[in-house]
Amino acid sequence: MGMMWQDLVFLAGSILSIVFLAPTIKDASARVPLGSSVPSMTIGGIYAFTYGTMGMTFSAAGSIGVAVMWSLIACYRAPGEQGMKNVLRFATDLGRQTRDIVQIALPTDDGHGQAQPQAQAQSQTEHQSGHQQSAD
């Protein structure tokens with residue numbers, strides 16, 4: 001099968017994304033929230049896999065490049081520590097927030113869908129301290 005023109009269009013879009021993301025990686029003072037970089041990194045990986053399964057090799061390669069750029073931004077341009085610890089911190093915090101939402105949504109012993117006040121207060125404290133760390 002011949003190359004699809006769409007494959008080249010998606011590759012061009014990925015190349016532009018990489019070019020536009022490069023200054024963020026070069027700027028040591030840049031700070032990009034993990035809430036932006038980690039989802040973008042994940043979406044780039046999903047797109048790469050999807051394009052690959054459709055036989056769109058150039059699009060897949062471009063999406064891998066975008067995912068790598070967002071990975072570098074997540075590791076080295078997020079507030080706080082540098083490296084993979086940032087991504088792990090984001091995943092841990094996301095898991096904690098998900099747990100808190102589930103606890104609020106599920107009925108408790110008293111039959112209401114709200115978490116106990118002590119658990120809510122602890123959750124709010126953890127959530128607020130996480131934001132304070134991110135702002136540094």
Side-chain angles (χ1 to χ4, degrees):
M1 177 186 272
M3 179 185 300
M4 296 185 294
W5 63 269
Q6 294 93 335
D7 198 13
L8 294 177
V9 170
F10 290 132
L11 174 62
S14 293
I15 290 171
L16 281 174
S17 293
I18 291 168
V19 168
F20 293 139
L21 290 172
T24 303
I25 292 174
K26 289 181 181 181
D27 183 0
S29 66
R31 294 292 170 248
V32 178
L34 291 170
S36 297
S37 56
V38 173
S40 296
M41 168 188 76
T42 305
I43 290 168
I46 291 169
Y47 282 0
F49 174 77
T50 304
Y51 288 139
T53 62
M54 293 171 30
M56 300 174 75
T57 309
F58 292 112
S59 298
S63 291
I64 288 171
V66 170
V68 167
M69 294 295 280
W70 278 112
S71 298
L72 292 171
I73 291 170
C75 289
Y76 299 106
R77 296 297 175 250
E81 298 180 41
Q82 289 188 352
M84 282 302 293
K85 289 181 181 179
N86 269 334
V87 177
L88 295 173
R89 180 171 48 105
F90 177 81
T92 302
D93 189 48
L94 185 63
R96 185 179 310 119
Q97 290 176 16
T98 303
R99 181 196 68 216
D100 292 347
I101 290 169
V102 169
Q103 285 177 345
I104 291 169
L106 292 178
T108 59
D109 291 340
D110 64 2
H112 294 85
Q114 295 183 356
Q116 297 171 356
Q118 183 181 9
Q120 276 185 323
Q122 181 182 2
S123 172
Q124 278 185 325
T125 303
E126 288 173 357
H127 187 67
Q128 289 170 351
S129 66
H131 282 293
Q132 290 169 353
Q133 288 175 350
S134 299
D136 293 341

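Put simply, the side chain of Asp93 reaches to within 4.5 Å of the side chain of Arg96, judged on heavy atoms.
Side-chain heavy atoms closer than 4.5 Å link hydrophobic residues (I, L, V, M, F, W, Y) into clusters, and following such links, even through other members, never connects Met41 to Phe49. Ile15 is connected to Phe58 through a chain of hydrophobic side-chain contacts under 4.5 Å among Ile, Leu, Val, Met, Phe, Trp and Tyr, so both are in one cluster.
Taking CZ of Arg77 as the reference point, atom OG of Ser37 lies at 12.0 Å (rounded to 0.5 Å). With values rounded to the nearest 0.5 angstrom, Gln6 atom CD is found 6.0 Å from Met56 atom CE. To the nearest 0.5 Å, atoms CD1 (Ile25) and CD1 (Ile18) are separated by 9.5 Å.
When all heavy atoms are compared, the tightest approach of Gly52 to Ala60 is N-CB, 3.8 Å. Here the shortest heavy-atom pairing between Thr24 and Ala30 reads O-CB, 3.8 Å. Contact record, Ser14 with Val66: O-CG2, 3.6 Å, taken as the closest heavy-atom pair.
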Full working for side chain to side chain contact (heavy atoms under 4.5 Å, CB included) between Leu21 and Trp70: CA-CA 8 Å; Leu21 290 172; Trp70 278 112; 3.5 Å; yes
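Residue Val9 belongs to a hydrophobic cluster whose other members are Trp5, with links defined by side-chain heavy atoms closer than 4.5 Å.
Under the side chain to side chain donor-acceptor pair (under 3.5 Å) criterion, the residue pairs touching residues 38-63 are Asp7-Ser59, with sequence neighbours excluded.
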